[in-house]
Colleague: 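My structure is below; once you've seen it, I'll send some questions.
Both ligands and their constituent atoms are indexed starting at 1 by order of listing. This is a predicted model, so every value here is computed, not measured.
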Amino acid sequence: MGKLRVLVLVSGGGTNLQAIIDAVEAGTVTNVSLVGVISNNKTVKSLERARNAGIPAFSVSPKDYEDRALFNEALLAKVEECEPDLIVLAGFLVAIPPAMVARYSGRIINIHPSLIPSFCGVGYYGLKVHEKALERGVKVTGATVHFVTEGMDEGPIIAQKPVAVEDDDTPEILQRRVMEQAEWIILPRAIDDIANGRIRLVDGKVKHI
Ligand code: GAR
């Protein structure tokens with residue numbers, strides 16, 4: 001069997017994308033070919049990170065389309081052009097079109113910066129997740145990798161890692177700690193597990209073999 005063709009979708013800084021690129025280059029993620037990076041913004045650091053690693057980088061921005069339906073169509077067309085086996089949402093802050101979820105059912109994964117089902121769903125993305133966690137006063141947060149289904153952040157959970165909240169945390173400090181101690185570890189590992197057949201969906205739950 002050939003390598004798993006992985007397409008990464010991003011919106012911002014792309015530190016999770018970088019963690020994936022580094023893990024593939026270091027050989028801690030194997031059996032993977034990074035076939036493309038798509039951003040919904042034009043001028044993001046992520047596209048530069050992709051190009052530096054020799055990965056084809058594209059932007060599909062809602063600003064270039066009259067309405068959401070046309071943007072969704074263009075996004076799906078670009079995704080299909082890349083012929084991915086697995087789509088990784090690495091800080092992709094756009095709702096995934098239902099047609100894409102249907103087309104790639106069981107082949108899209110997402111990283112979320114909290115322990116789902118806490119601080120997730122509509123309106124919980126990026127720094128906002130950490131603002132809400134600090135507001136609530138939780139002592140432990142973390143990150144989750146899950147399969148993407150139609151409901152936002154509702155798909156089967158692949159991996160979670162807890163991270164301690166410290167007394168003087170700001171949202172930015174907490175975000176950085178969650179990235180360093182959880183996201184950049186569990187996302188590449190999940191890709192490696194999928195690429196090497198160590199993950200299976202059984203009755204809607206993820207089993208590690
Ligand atoms: C990450 O913290 C990721 O978990 C989060 O956006 C950030 C992107 O950072 N994703 C979500 O909130 C999805 N709901 P990055 O561009 O540096 O990887």
Colleague: To the nearest 0.5 Å, tell me how far Lys63 NZ sits from Asn40 CG.
Modeller: 8.5 Å
Colleague: Can you find a non-hydrogen atom of Phe92 under 4.0 Å from ligand 1?
Modeller: no
Colleague: Tell me which part of Leu93 gets within contact of ligand 1: side chain, backbone, both or neither, using heavy atoms under 4.0 Å.
Modeller: side chain
Colleague: Whether Glu131 and Lys128 form a salt bridge (side-chain N of Lys/Arg under 4.0 Å from carboxylate O of Asp/Glu) is what I want to check.
Modeller: no
Colleague: Under 4.0 Å from any heavy atom of Asn16, which atoms of ligand 1 are there?
Modeller: 1 (C), 18 (O)
Colleague: Could Arg103 and Glu80 be called an ion pair, given the rule that one side-chain N must be under 4.0 Å from one carboxylate O?
Modeller: yes
Colleague: Under 4.0 Å from a heavy atom of Tyr125: which atoms of ligand 1 are those, numbered in the order shown and with their elements?
Modeller: 12 (O), 14 (N)
Colleague: If you count the atoms of ligand 1 from 1 in the order shown, which ones are under 4.0 Å from a heavy atom of Glu183?
Modeller: 1 (C), 2 (O), 3 (C), 4 (O)
Colleague: For atom 9 (O) of ligand 1, grab the closest protein heavy atom and report residue, atom and distance to one decimal in Å.
Modeller: Met179 CE, 3.4 Å
Colleague: If you measure from CD on Glu166 to CG on Leu134, what distance do you get to the nearest 0.5 Å?
Modeller: 11.0 Å
Colleague: Run down the list Gly14, Gly123, Gly91, Gly12 and name the one with the heavy atom closest to atom 16 (O) of ligand 1.
Modeller: Gly14
Colleague: Which ligand 1 atoms are under 4.0 Å away from a heavy-atom of Thr15?
Modeller: 15 (P), 16 (O), 17 (O), 18 (O)
Colleague: Are Ile108 and Leu9 side-chain neighbours, meaning at least one heavy-atom pair lies under 4.5 Å?
Modeller: no
Colleague: Between Asp192 and Arg198, is there a salt bridge with N-O shorter than 4.0 Å?
Modeller: yes
Colleague: What is the distance from atom CG of Leu86 to atom CZ of Arg107, rounded to the nearest 0.5 Å?
Modeller: 9.0 Å
Colleague: Distance under 4.0 Å to a non-hydrogen atom of Gly126: what atoms of ligand 1 satisfy this?
Modeller: 11 (C), 12 (O)
Colleague: Which ligand 1 atoms, with their elements, are less than 4.0 angstrom from a heavy-atom of Tyr124?
Modeller: 14 (N)
Colleague: Please list, in number order, the atoms of ligand 1 under 4.0 Å from a heavy atom of Pro113.
Modeller: 2 (O), 4 (O), 5 (C), 10 (N), 11 (C), 12 (O)
Colleague: Which residue and non-hydrogen atom of the protein lie closest to atom 14 (N) of ligand 1, and at what distance in Å?
Modeller: His112 ND1, 3.2 Å
Colleague: Under 4.0 Å between a side-chain nitrogen and a carboxylate oxygen: does that hold for Glu180 and Arg176?
Modeller: yes
Colleague: Any heavy atom of Ile111 closer to ligand 1 than 4.0 angstrom?
Modeller: yes
Colleague: What's the spacing between Leu17 CG and Arg49 CZ if we round to 0.5 Å?
Modeller: 7.0 Å
